[in-house]
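Report on the following structure.
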Amino acid sequence: MSAKCCSCGIADQLVAGKLWCLKYKFEISDVTAEEKSNCYYFIEPQVEDGVTLTAAQTLMLKECELASRRMRGPV
């Protein structure tokens, strides 16, 4: 499995020990991880006050970050 998907902050841990991508809504396996090796939404797990944020919280942070990038440019 791609190390990038395994260490992504938006990969949610399922009951069976498998990973689920919250953004693209698929179970992460060796095949799908290879396809998403250059994922635009990759983000390291975020820690705030010693507590790791949930995958949903991390996804919201990444979406806000990407949205703020789109707002930059000539006025």
Side-chain angles (χ1 to χ4, degrees):
M1 188 177 305
S2 172
K4 199 168 193 179
C5 283
C6 292
S7 62
C8 185
I10 62 171
D12 198 17
Q13 191 78 17
L14 297 177
V15 178
K18 298 182 180 186
L19 295 174
W20 178 260
C21 179
L22 283 181
K23 176 60 184 173
Y24 295 109
K25 309 289 188 220
F26 67 87
E27 185 178 310
I28 298 171
S29 67
D30 292 335
V31 175
T32 55
E34 280 300 316
E35 291 172 5
K36 298 288 185 184
S37 62
N38 294 324
C39 182
Y40 193 62
Y41 279 85
F42 175 79
I43 184 172
E44 294 287 334
Q46 303 295 302
V47 178
E48 207 168 287
D49 294 330
V51 178
T52 304
L53 297 179
T54 65
Q57 292 169 327
T58 307
L59 178 59
M60 283 190 290
L61 282 175
K62 186 63 178 184
E63 287 177 337
C64 289
E65 175 188 320
L66 292 173
S68 71
R69 287 185 187 173
R70 289 185 201 116
M71 299 303 289
R72 295 180 188 161
V75 178

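Only a predicted model underlies this, so the values are computations on that prediction, with no experimental measurement involved.
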Donor-acceptor pairs under 3.5 Å, side chain of residues 12-23 to any protein atom, not counting sequence neighbours: which ones?
residue : atom : partner : partner atom : Å
Gln13   : NE2  : Gly17   : O            : 3.2
Lys23   : NZ   : Glu63   : OE2          : 3.4

Indicate every side-chain donor-acceptor pair of residues 40-54 with a distance under 3.5 Å to a residue at least two apart or in another chain.
residue : atom : partner : partner atom : Å
Gln46   : NE2  : Glu44   : O            : 2.7
Thr54   : OG1  : Gln57   : N            : 3.2
Thr54   : OG1  : Gln57   : OE1          : 3.3

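- Follow the hydrophobic side-chain contacts under 4.5 Å out from Met60 and you never reach Leu66; the two are in separate clusters.
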